[in-house]
2 protein chains.
Amino acid sequence: MTNRTRRPLTLRDVSEASGVSEMTVSRVLRNKGDVSEATRQRVQEAAKRLGYVPNKIAGALASQRVNLVAVIIPSLGNMVFPEVLSGISDVLAGTSLQPVVGVTDYLPEKEEKVLFEMLSWRPSGVIIAGIEHTEASRAMLRQAGCPVVEIMDVDGEPVDSCVGISHRRAGRKMAEAIIDAGYRRIGFLGTKMPLDHRARKRFEGFTRTLAKAGIEIADQEFYSGGSALAKGREMTEAMLKRTPDLDFLYYSNDMIGAGGLLYLIEKGIDIPGKIGLAGFNGVELLDGLPRRLATMDACRREIGERAAQILVDRHQGAGATEGQTIELTPTLDYGDTLRRSS
Amino acid sequence: MTNRTRRPLTLRDVSEASGVSEMTVSRVLRNKGDVSEATRQRVQEAAKRLGYVPNKIAGALASQRVNLVAVIIPSLGNMVFPEVLSGISDVLAGTSLQPVVGVTDYLPEKEEKVLFEMLSWRPSGVIIAGIEHTEASRAMLRQAGCPVVEIMDVDGEPVDSCVGISHRRAGRKMAEAIIDAGYRRIGFLGTKMPLDHRARKRFEGFTRTLAKAGIEIADQEFYSGGSALAKGREMTEAMLKRTPDLDFLYYSNDMIGAGGLLYLIEKGIDIPGKIGLAGFNGVELLDGLPRRLATMDACRREIGERAAQILVDRHQGAGATEGQTIELTPTLDYGDTLRRSS
DNA sequence: TACGAACTTGTTAGACCTAACAGAAGCTCT
DNA sequence: AGAGCTTCTGTTAGGTCTAACAAGTTCGTA
């Protein structure tokens with residue numbers, strides 16, 4: 001049906017095929033400006049017949065508009081960022097904006113590279129995870145000439161706008177709930193990632209609050225690599241062997257928490273009586289476990305939505321405020337593994 | 001430090017700042033062509049000082065080269081596609097090519113839209129999940145003027161190249177293993193997704209092979225939405241209540257399989273003696289379960305790598321063959337939930 | 001000294017599209 | 001009839017960069 005030429009089609013081909021100027025074809029294809037119904041029909045028919053696909057490269061250069069939003073996140077390998085992404089996509093779906101994602105693997109140098117790469121496409125906005133960046137990255141963001149939204153975390157100085165939760169506060173809140181429930185011998189299990197600032201801040205908020213109550217972390221262990229679920233299991237076993245009198249385990253993410261939970265259930269240990277557990281993130285996965293792990297929802301979807309909405313508003317020029325910070329409040333879910341204080 | 005002008009910088013700004021022509025600046029910035037060391041230094045210094053970020057839009061238009069690879073997948077919401085993606089990224093990381101991903105949500109119309117969108121950026125290659133597409137999508141792929149690799153599935157007629165496994169064969173292989181192990185009353189649990197062709201093909205291969213051995217699926221149930229782990233649990237419970245004499249459950253994916261496994265362990269049922277279980281995909285998650293679910297690895301990472309490699313080869317023009325199909329062979333992992341035949 | 005090669009830089013002409021304006025044709029209203 | 005609209009289409013001039021070629025410079029050598 002469609003002809004099999006190798007030369008890519010241009011507006012000119014469509015204009016010749018339909019006997020009007022390139023400009024008119026452009027107007028039809030973008031639904032912009034007045035074109036008579038008859039002409040519109042003819043042009044559309046020709047474009048479809050030829051299989052013409054507009055060249056956005058040229059369009060973007062000419063119009064100085066690239067309806068792309070750069071979304072820069074550390075990883076796709078756990079459920080947290082895909083969920084943020086889906087919040088973003090949903091909001092952008094109703095607009096002319098389109099997300100393009102880049103992954104940094106939690107490496108600042110890679111973030112710098114990805115950011116540079118992205119900015120060289122002159123996007124209409126940037127959504128970037130975290131509030132800690134290299135000085136070069138911050139300079140690029142400042143110079144970008146488009147709205148920038150830093151997400152996930154609000155503990156720090158954003159370049160422009162910011163949507164997230166306070167991880168320090170989240171750590172604090174969890175510590176308070178644990179203390180109120182009467183637990184005293186507390187172990188911490190987390191990832192060995194000095195560059196995961198959010199995990200670090202939660203840990204800081206957590207330990208600081210315990211310290212104020214005169215409690216010190218009784219044991220801690222960090223892992224890297226491998227299946228999080230398996231690691232949670234192994235680390236829990238190891239830690240309880242080492243420090244058998246622990247009465248609470250706080251995991252830096254739900255996945256390792258789930259591993260620990262499964263291990264303890266298997267061992268027939270009384271949860272949350274003899275030992276309490278909590279994770280972080282509120283991943284959907286937890287719904288299917290034999291018992292629901294206590295966790296704290298990080299508002300991931302909403303973060304994505306709000307961040308995207310900021311860009312949409314500012315794109316439309318609607319007196320949208322520059323530099324606003326939106327702090328969301330994570331909710332604590334006691335699940336079945338954390339005693340209630342009362 | 002950097003000046004805070006709103007007007008975006010161009011080559012001209014750098015050329016004026018360093019006193020050479022735009023062309024020379026371009027050469028320095030792309031590391032192409034001979035430029036004296038002295039000039040190179042001066043230009044680089046100026047570019048850095050101004051904070052210049054090249055405009056790829058213009059570059060791509062002028063050079064007729066866009067080093068982007070469109071990667072089109074149905075979803076980011078389970079572990080399978082991120083793993084394919086990471087295979088792709090790893091291979092492309094060593095080249096000038098860069099992946100850009102689009103998500104279709106298993107919707108053919110959305111696939112068409114995403115594909116159109118992607119092609120309008122004139123990518124250097126397309127990697128697209130699945131081998132079933134609308135006629136319009138197939139036409140676009142044929143016309144794309146760049147290499148196309150369809151991935152995950154080889155049961156069908158690819159437009160160009162193809163890397164994947166045969167899901168029919170995978171279903172058959174699993175059925176054979178189950179029959180060999182002596183199971184006879186078999187239940188199937190899957191997703192309610194008429195558009196997930198790969199799951200459908202596995203199911204077909206599975207039932208057909210059972211039929212040849214004179215066995216019919218004793219019960220089946222399909223779900224949609226919700227936490228897969230929880231669904232697996234619920235469906236397993238419901239099915240065993242309805243059809244208590246089942247001696248095997250085949251799940252269309254590992255996540256619901258894991259849910260079923262946890263449920264059965266909880267009930268203290270003898271696995272794989274009284275009842276056997278198997279899933280599909282070989283997700284890393286399974287490593288952390290109390291028992292390892294039988295599964296079949298779908299070679300996801302390797303599929304991503306091979307697909308990317310094809311594009312790289314063809315991009316380099318290396319007498320790379322057009323239209324090749326690479327069929328990988330999934331391996332059956334008996335885990336702890338499927339008796340061995342011998 | 002003149003010639004060619006090697007190296008370095010500049011000039012010109014696009015790549016394909018859109019913004020802005022210009023012009024033609026038809027209409028309404030006084 | 002002519003002014004003033006509206007509706008439709010075309011023309012021109014970019015947007016920013018790169019390919020291809022042209023031209024200058026330096027150097028070694030016959």
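What you see below is based on every heavy atom in this structure, not just the backbone, and it leaves out hydrogens, waters and symmetry mates. Predicted model, so just to flag it, every value in this text is computed and none were measured. Naming: A, B, ... by sequence-line order, numbering from 1 per chain.
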Short side-chain donor-acceptor distance under 3.5 Å, B:Glu150 and B:His133: yes
Short N-O contact, A:Arg142 and A:Glu135, less than 4.0 angstrom: yes
B:Leu61 CG - D:dT18 P separation (whole Å): 11 Å
Pairwise distance CD(B:Glu157) to CD(B:Glu132) - rounded to 0.5 angstrom: 11.0 Å
Sorted by number, the residues of residues 20-44 of chain B with heavy-atom contact under 4.0 Å to DNA chain D: B:Met23, B:Ser26, B:Arg30
Exercise: do B:Ser161 and B:Arg314 side chains pair donor with acceptor under 3.5 Å: yes
Side chain to side chain donor-acceptor pair (under 3.5 Å) contacts in which one or both residues fall within residues 71-86 of chain B, not counting sequence neighbours: B:Glu83-B:Arg300, B:Ser86-B:Arg301
Nearest-Å distance for atom pair CZ/P, residues B:Arg12 and D:dC17: 10 Å
Spacing of B:Leu11 atom CG relative to D:dT18 atom C1', expressed in whole Å: 9 Å
Earlier contact from the 5' end, DNA chain D, for A:Gly19 and A:Ala58: A:Gly19
Check: A:Gly59 main-chain N/O paired with A:Ser63 side-chain donor or acceptor under 3.5 Å: yes
Phosphate OP1/OP2 of D:dC17 contacted by B:Tyr52 side-chain N/O (<4.0 Å): yes
Distance below 4.0 Å between B:Gln64 side-chain N/O and C:dC16 OP1 or OP2: yes
Between D:dT16 (P) and A:Arg65 (CZ): distance, integer Å: 14 Å
